[in-house]
Colleague: 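Dropping the structure in here first, questions after.
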Amino acid sequence: MATDDYSAVSRALATEAVHAGREDLAGLGLHAPPLDLSTTYPSYDSRDEAARIDAFAATGALDDGPPVYARLSNPTVARFETALARLEGTESAVAFASGMAALTAALLVRASLGLRHVVAVRPLYGCSDHLLNAGLLGTEVTWVDPAGIADAIRPDTGLVLVESPANPTLRELDLKAIAHSCGSVPLLADNTFATPVLQRPVESGARLVLHSATKYLGGHGDVMGGIVACDEEFARKLRQVRFTTGGVLHPFAGYLLLRGLATLPVRVRAASATAAELAGRLAADPRVSAVHYPRIGGAMVAFETVGDPHEVTASVELITPAVSLGSVDTLIQHPASISHRIVDAGDRRSSGVSDRLLRMSVGLEDVEDLWADLDQALSGGQGRGGRAGQRTGAAS
Ligand SMILES: *Cc1c(COP(=O)(O)O)cnc(C)c1O
């Protein structure tokens, strides 16, 4: 079945967010989803178990029978997978221990077919860039601008990899045009920043949609996970890789991620409204030389400071200076020092990640409180007796 059939039968996103993956609960006499922590399951019929294992090994398809072993499948994680697939409008989704484990599995699926070449557009999340550039998985990467994708594709190209809006510059790409340039090579779009609330890449022709579930899907900064939403054919290959390499999502993480999805639309829309307001105020501020905010919106704002960006991260009081994003509280970090430190400095700068760039993940706080904190931090905490001032005082 084509992926559009799945989006066509979907209810509104806000409804799916709270109901998908939970349809059987009332029949079970439950309201909250059960958390199944079993690593193994009893089976008194070894012949039947052998046949089921053979079928999984051959196809990667999961049957309706009871689970066998937690590295194969888990019912709580499966609820999260079902729900995310519905939100992204795909047939299936396969969850992993982290976003990087999910990306690794997608690369291995293709590399195992001898398709070891990857075409990618910068910037990407720093560790994704590093994974490709270092060739850790035996893959080879060609970095291109979107216009160069078609020419870079070779007979052994297994994937085209893009992020839009990209981490950390929030560069936006024309996913439809890119999908067209890919021809028959699968396009993997990292949708971590936009979330399905703002953008569903399969509607533009992406075959694979990747999330660091650690970010907005979880939404509370307390769970790490990753997921690939795609057609069932690719999902089967991903499950086989997950089974053999072991990068499984823990069931408790699956539980928290399913819970996070329920509030995803509300969180993303509320934080985006605040982020848009802050982006406007930053753009009008003489202490800021550039602001990057996507046309599709979102809760991420990137901006370049006229002064030293390290002063800002040292001076925030309400905002937390920390890597990661997508939590209920606002975080700020300096990509050249942290999230993109692992990218070669020359490659980093040429892909627009300036040494003055700060990346802010806007949370659910009141916009005036956030602005007050940014305002004093942009002045290096002057006149507020901020933490930077206190630290300086203690040292002198
Ligand atoms: C954080 C992030 C990743 C990696 O996800 P982890 O869950 O940290 O492994 C991948 N892509 C993007 C865009 C990210 O922000």
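Treat the numbers as computed from the prediction; the structure is a model and nothing was measured. Just follow the structure's listing: the first ligand is 1, and inside any ligand the first atom is 1. What's counted below: heavy atoms across the whole structure, side chains too, no hydrogens, waters or symmetry copies.
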Colleague: Does the distance from a Lys or Arg side-chain N to an Asp or Glu carboxylate O, for Arg287 and Asp285, drop under 4.0 Å?
Modeller: yes
Colleague: As a quick check of understanding, evaluate salt bridge (charged side-chain N to carboxylate O under 4.0 Å, His left out) for Glu232 and Arg239, giving each step before the final call.
Modeller: CA-CA 10 Å; Glu232 174 62 15; Arg239 283 187 211 110; 3.0 Å; yes
Colleague: Roughly how far apart are Phe56 CZ and Leu62 CG, rounded to 0.5 Å?
Modeller: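 Here the rounded value is 5.5 Å.
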Colleague: Starting from atom 8 (O) of ligand 1, which protein heavy atom do you reach first, and at what distance in Å?
Modeller: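 Atom 8 (O) of ligand 1 sits closest to the protein heavy atom Met224 CE, 3.9 Å.
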Colleague: Which residue holds the protein heavy atom closest to atom 15 (O) of ligand 1, what is that atom called, and what is the gap in Å?
Modeller: Lys215 NZ, 2.8 Å
Colleague: Can you tell whether the side chains of Glu16 and Arg86 come within less than 4.0 Å, N to carboxylate O?
Modeller: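 A salt bridge links Glu16 with Arg86.
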Colleague: Mind checking the OG-NZ spacing from Ser112 to Lys237? Nearest 0.5 Å is all I need.
Modeller: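 These two atoms lie 8.5 Å from each other.
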Colleague: For Leu325, is at least one N or O under 3.5 Å away from an N or O on ligand 1?
Modeller: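 Between Leu325 and ligand 1, no N or O pair is found under 3.5 Å apart.
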Colleague: With a 4.5 Å cut-off on side-chain heavy atoms, are Glu49 and Val68 touching?
Modeller: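 Result yes, sub-4.5 Å side-chain heavy-atom pair found.
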Colleague: May I ask you to list the atoms of ligand 1 that are less than 4.0 angstrom from any heavy atom of Gly225?
Modeller: 7 (O)
Colleague: Provide the number and element of each atom of ligand 1 under 4.0 Å from a heavy atom of Glu163.
Modeller: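 Taking each heavy atom of Glu163 in turn, ligand 1 has 13 (C) under 4.0 Å.
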Colleague: Take a 6.0 Å sphere around CZ of Arg259 and say whether it holds more than 12 heavy atoms from other residues, nucleotides or ligands.
Modeller: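 Open.
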Colleague: Report the member of Val223, Leu124, Asp190 with the shortest heavy-atom distance to atom 11 (N) of ligand 1.
Modeller: Asp190
Colleague: Does ligand 1 have any atom sitting under 4.0 Å from a heavy atom of Ala213?
Modeller: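 Distance cut 4.0 Å: Ala213 fails for ligand 1.
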Colleague: Do ligand 1 and Met100 have nitrogen or oxygen atoms that lie under 3.5 Å from each other?
Modeller: yes
Colleague: What residue and atom, counting heavy atoms only, is the protein's closest point to atom 3 (C) of ligand 1, and at what distance?
Modeller: Tyr125 CD2, 3.4 Å
Colleague: Polar-atom distance check: Ser212 versus ligand 1, any N or O pair below 3.5 Å?
Modeller: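 Such a contact does occur with ligand 1.
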Colleague: Phe193 heavy atoms, cut-off 4.0 Å: which ligand 1 atoms fall inside?
Modeller: 15 (O)
Colleague: Aromatic contact between Tyr69 and Tyr41, with the criterion being ring centroids under 6.0 Å apart: yes or no?
Modeller: no
